[in-house]
Structures are given as structure tokens and as C-alpha cells.
Amino acid sequence: MSDLLARHRAVIPNWVALYYNEPIEIVSGKGNRVVDAEGKSYLDFFAGILTNMIGYDVPEVREAVERQLSTGVVHTSTVYLLRGQIELAEKIARLSGIPDAKVFFTNSGTEANETALLLATYARKTDQVLAMRQSYHGRSFGAISVTSNTSWKNNSLSPLNVHFLHGADRQLPAFRGMSDEAYIEACVADLRHSLATVVSKDVAAFIAEPIQGVGGFTMAPDGLFAAYKEVLDEHGILFISDEVQTGWGRTGSSFFGIQNHGVTPDMMTFAKGLGNGFAVGGIVARGDLLDQLHAVGLSTFGGNPISMAAANATLDYVLSHDLQANAARTGALIIDGLRAAAERLPVVKDVRGKGLMFAIELSSPEQAARFMELSKQAGLLAGKGGLYGTAIRMAPPLTLTIEEAAEGLDIIVNALETINDEAR
């Protein structure tokens, strides 16, 4: 492995980070477990950064891809009819709840968010956009401009005029200790004040993650975005929900994260889990917004037959196995267990999440790094992040069993107990 690591460092940019003091190569997977090149097995609680949504080596997905491969057609482009693309778009449009919805497929969440920003600025004829503090929306020029996390923001140059709102930052002294109702009231007042002071007359859109991924699974209280939308609607400002991490039932309490707030946005972007590892992203939006562009456009690989076969099979599996309900059950077991453990472990500053999307806030980046090593040793893969590198974030496949949830919880709590003992 040391030779592979040296080769990686020789040809891959330094900013492509690797986890662990001794990085691992994953060589096989089955169900919700993977095996590294040394033969060690891990229960996967990070799922390729929320991408292997229904686990590994799923027969329904594999067989759908193999059927498409057997035709000899891997790619034709969107200048021809693509049955799989049309079928998947019909399902997503129906599930979105957006009136008269249409769908455009891309390769990633970054591309999807770029498309949404293009549609909004074109429709509203302004470059002004509202976004959330602590947000992350991708690595491209436009997506970075609506990202509010300096660890992921390479420069201040922007094609957009962006202003950032409160809503997922209750840790700040100004908001600490507030009830949900008081916090929502304060955030809405700040939005109104921003519209009266820091923007000119027209704003194109507001873009938000219902649960902030890179931000460490910080989130607005349920109902905040509904309150925001009332103000946005007064000004004709479009609402973009970034569902790249929160979509397809992961939160357990709704199929799309924004639905926890009782909101139907004008657009939703998606990617990651839909293809269960195959590259697929896209946007579902009101048809008039997607139809409005006057120039010809396409995404060369967006909607390609292989990714569409995988995505159709994955979405069908999620729906037919009611994985949203499973996320609610298994997620509650883990989150409730973590909150109970946190009461006796001072190193745990916060436990937050919904369904199979949960995070632990520790006291320092060093403790987060220590957790990563301890959980790896115990056979569990996790992620880290947060604004200050102190959050452990986990999002197992939606197929996680109750037994696997309990197993993972035990590993997590044992690691936290070790860190707590070391901190005394």
C-alpha cells in the first residue's frame, strides 16, 4: 500500500485529500460492507460520501447495467431518444411535487447546481443570489461562489453577486439558547433586512441545502425555509433546494429534505445516491424555467444509457423496499443511542441529524482525527467535516439493517468513550 500511496502523491493533486494515517484501498464490497486490499472488512457508514445509497453489489442494479451493456450501446448522446432517460425523468418529475416539472440530467451535483443558477439568473435577469452560511454546493466557479465555507472556497472571484443568510448557525452567541420559533423569527427578520440593505431591487434565487453536508450536517429547524419562502415569494425570488445529499428518503421523515419544511421549491438539484455509484446528477424544475433558455444545450454524458439503467434500478429499489421508512427506523436507533451516550461523554458537544444522516460534534479537530483512526481500527468507515473540522458525519446505505445499526452504534460509542477517557 505504501507504493500505491507514493504513486498517488506523485500524480494526484495535493488537495485531493485521503482519510487516515494509513490510507486504504477498497477492493470489494457486498451489502453494506467493504473489504480493503489487506483483507480487512468494514461496515460502511459513509457510503462513498453518500453515494452508494443502497450498498454494494446489488443484483437489481448490476443486472440492469449488464442488460444495457449487452446491447453494445454505452452512449448515443441526447440528440437521439433515450428511453431510460425519459423513464427516469418521469419518475423524478412525479416524485418532486413540482407542478409541470421537467428534468435535465448532468454528471454531478456541481453541474446540477450550475444549471440551476443559470436558469434562475436567466429568468430573473440579475446576478444576485442568496445562499446560506456554512453551505457547500460544488467545486466549479459558480458553485464555489454560493459556497460559504472557507475550507472549500479557493478564491473570492465570482460570476454571481452573492449574499449569505443565517439559518444553520445556532451555535453563534447571537442565537444560542433560542427556541426554534425565536430563531426562525430572527432569521426571517435578517432576510428582510438584507433585502432592504445589501441587495439592489431584483434577486434571482435563494439556494440552500436542507441539511448542510460539508457543513457537518448542520441544519435549519423545520419550518424555517417555509418562512423564508413567504418572503421570497413576495419578491418573486426563486427557491433552489440542493438535494444532492438529502434526497431519495435519506432523512426518513420525507423523500426530499426540503419537504421537512413543507415547501415545494421552484427547482431541486440531485446527484450522488441516485446512481448508487454510477455518475448521475440533474435538476428537476418547473417546466417553464427549464424551457426558457434560448440557446441550444446538452450534457454530453448526462442521461447516458448506463447511468440511466443504474439510476432507474436504484430508484425502483428504494421505492419498492420502502427505504425511507427503513432510514427512519435505523436512523432513530443510532441517533437516540448517540444522544444517550453524549449525556455522559463531555467530549461530545452535539449530536444532530435526521434518518440515516447524522453527525457528532467533538471538541477539536484532533479528536475528530482520533475518532477516524479508532473507528477504522474497529471496522467502521465514517466521514468528517464541519466548519472547523470537528464534526464526524455518517450516512450509511439506506439498506442498513437494525443489526448493523446496533453494531455501528457500539463501535461509535466505544470510540467516543476512548476519546473521552483520553481527554480527562
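Just so you know, these numbers come straight off a predicted model, no measurement behind them.
- Using a 4.5 Å cut-off on side-chain heavy atoms (C-beta onward), Thr300 and Asn107 make no contact.
- Side-chain contact check for Val103 versus Gln85: every heavy-atom pair is 4.5 Å or farther apart.
- Counting non-hydrogen atoms of neighbouring residues, nucleotides and ligands closer than 6.0 angstrom, the CG atom of Asp288 exceeds 12 such neighbours.
- Here the CG-NZ distance, from Asp36 to Lys376, works out to 7.5 Å after rounding to the nearest 0.5 Å.
- The two atoms that bring Glu404 and Thr399 nearest to each other are OE1-O, 4.3 Å, heavy atoms only.
- We find the CD-CD distance between Glu243 and Gln259 to be 7.5 Å, quoted to the nearest 0.5 Å.
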Discussion item. Go through it in stages, so that I can follow the logic: the residues are Arg329 and Leu333, the test is side chain to side chain contact (heavy atoms under 4.5 Å, CB included), and I'd like the CA-CA distance, side-chain angles, deciding distance and then a yes or no.
Written reply: CA-CA 7 Å; Arg329 282 191 301 271; Leu333 186 155; over 6 Å; no
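- The side chain to side chain contact (heavy atoms under 4.5 Å, CB included) with Met394 is formed by just one residue from the set Leu356, Ile334, Ile360, Leu381; it is Ile360.
- Closest approach of Ser307 to Val280, counting heavy atoms only: CB-CB, 4.4 Å.
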Practice prompt. Go through the steps for Gln324 and Val318 under the test side chain to side chain contact (heavy atoms under 4.5 Å, CB included), then give the verdict.
Written response: CA-CA 7 Å; Gln324 179 181 329; Val318 168; over 6 Å; no
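- Residues Leu157 and Phe141 share a closest heavy-atom pair of O-CE1, 3.5 Å.
- At least one side-chain heavy atom of Met357 sits under 4.5 Å from a side-chain heavy atom of Thr246.
- Relative orientation of the Phe225 and Tyr228 rings is tilted, given thresholds of 30° and 60° on the angle between their planes.
- Atom-to-atom distance recorded for Arg170:CZ and Met178:CE is 9.0 Å, nearest 0.5 angstrom.
- Heavy atoms of other residues, nucleotides or ligands lying less than 6.0 angstrom from CG of Leu81 number 12 at most.
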Enumerate, atom names and distances included, each donor-acceptor pair closer than 3.5 Å involving a side-chain atom of residues 267-279, sequence neighbours excluded.
unit_1, atom_1, unit_2, atom_2, d
Thr269, OG1, Asn113, OD1, 2.8
Lys272, NZ, Ile49, O, 3.2
Asn276, OD1, Met53, N, 2.7
Asn276, OD1, Ile54, N, 2.8
Asn276, ND2, Gly55, O, 3.0

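- In terms of heavy-atom proximity, Pro346 sits nearest to Arg344 at CD-O, 3.5 Å.
- Within 6.0 Å of the CZ atom in Phe301, the count of heavy atoms belonging to other residues, nucleotides or ligands does not exceed 12.
- Across all non-hydrogen atoms, the minimal contact from Arg176 to Gln171 is NH2-O, 2.7 Å.
- Atom CG of Asp180 has more than 12 neighbouring heavy atoms from other residues, nucleotides or ligands inside a 6.0 Å radius.
- Looking only at distances, no side-chain donor or acceptor of Glu87 sits under 3.5 Å from a matching main-chain atom of Asn312.
- Listed for the Glu373 side chain is a donor-acceptor partner under 3.5 Å among the backbone atoms of Asn21.
- In this structure a side-chain-to-backbone donor-acceptor pair under 3.5 Å is missing from Asn420 to Leu416.
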Discussion item. Checking Met308 against Arg83 for the side chain to side chain contact (heavy atoms under 4.5 Å, CB included) test, could you report, in this order, the C-alpha distance in whole Å, the side-chain angles of both residues, the deciding distance, and whether it holds?
Written reply: CA-CA 9 Å; Met308 293 298 96; Arg83 184 176 299 273; over 6 Å; no
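- Counting only distance, with no hydrogens or angles, the side chain of Lys153 and the backbone of Ile144 share a donor-acceptor pair below 3.5 Å.
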Worksheet item: For Lys384 and Tyr19, what are the C-alpha separation, side-chain angles and deciding distance, and is it a side chain to side chain contact (heavy atoms under 4.5 Å, CB included)?
Response: CA-CA 9 Å; Lys384 61 180 179 178; Tyr19 278 166; 3.9 Å; yes
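- Aromatic ring pairs are classed by plane angle as parallel below 30°, tilted from 30° to 60° and perpendicular above 60°; the pair Phe206 and Phe239 is perpendicular.
- Between the side chain of Gln212 and the backbone N or O of Arg133 there is at least one donor-acceptor pair closer than 3.5 Å.
- A donor-acceptor pair under 3.5 Å links the side-chain atoms of Gln292 to the main chain of Leu289, judged by distance alone.
- With Asp127 contributing its side chain and Thr121 its backbone, the two residues share no donor-acceptor pair below 3.5 Å.
- Other residues, nucleotides and ligands contribute only 12 or fewer heavy atoms inside 6.0 Å of the CZ atom of Arg9.
- Taking the six-membered ring for Trp, His166 and Tyr183 have ring centres at least 6.0 Å apart.
- Between Leu398 and Leu323, the shortest heavy-atom distance links the atoms O-CD2, 3.7 Å.
- Taken from CZ in Phe217 to CG in Asp350, the straight-line distance is 13.5 Å, to the nearest 0.5 Å.
- With Arg33 contributing its side chain and Tyr56 its backbone, the two residues share no donor-acceptor pair below 3.5 Å.
- Proximity of Ile26 to Tyr42: side-chain heavy atoms (C-beta onward) are nowhere separated by under 4.5 Å.
- With contacts defined as side-chain heavy-atom distances shorter than 4.5 Å, the pair Gln245/Arg250 does not qualify.
- Expressed to the nearest 0.5 Å, how far CD1 of Ile283 lies from OG of Ser96 amounts to 11.0 Å.
- The side-chain heavy atoms of Ile98 and Asp266, taken from C-beta on, include no pair separated by under 4.5 Å.
- Taken from CG in Asn32 to OG1 in Thr330, the straight-line distance is 9.5 Å, to the nearest 0.5 Å.
- A donor-acceptor pair is defined here as one N or O able to donate and one able to accept, closer than 3.5 Å; no such pair exists between the side chain of Thr71 and the backbone of Arg67.
- When side chains are defined from C-beta on, Leu165 does not count as touching Cys187, because their heavy atoms never get closer than 4.5 Å.
- Of the possible donor and acceptor atoms, none in the side chain of Ser148 sits under 3.5 Å from a partner among the backbone N and O of Ser135.
- Inter-residue side-chain proximity for Ile237 and Arg124 is flagged as met; some heavy-atom pair is nearer than 4.5 Å.
- For the pair Lys102 and Phe104, the cation does not sit on the ring face, since its NZ or CZ is not both under 6.0 Å from the ring centre and inside 45° of the axis.
- For Asn260 and Ser254, the side-chain atoms include at least one donor-acceptor pair closer than 3.5 Å.
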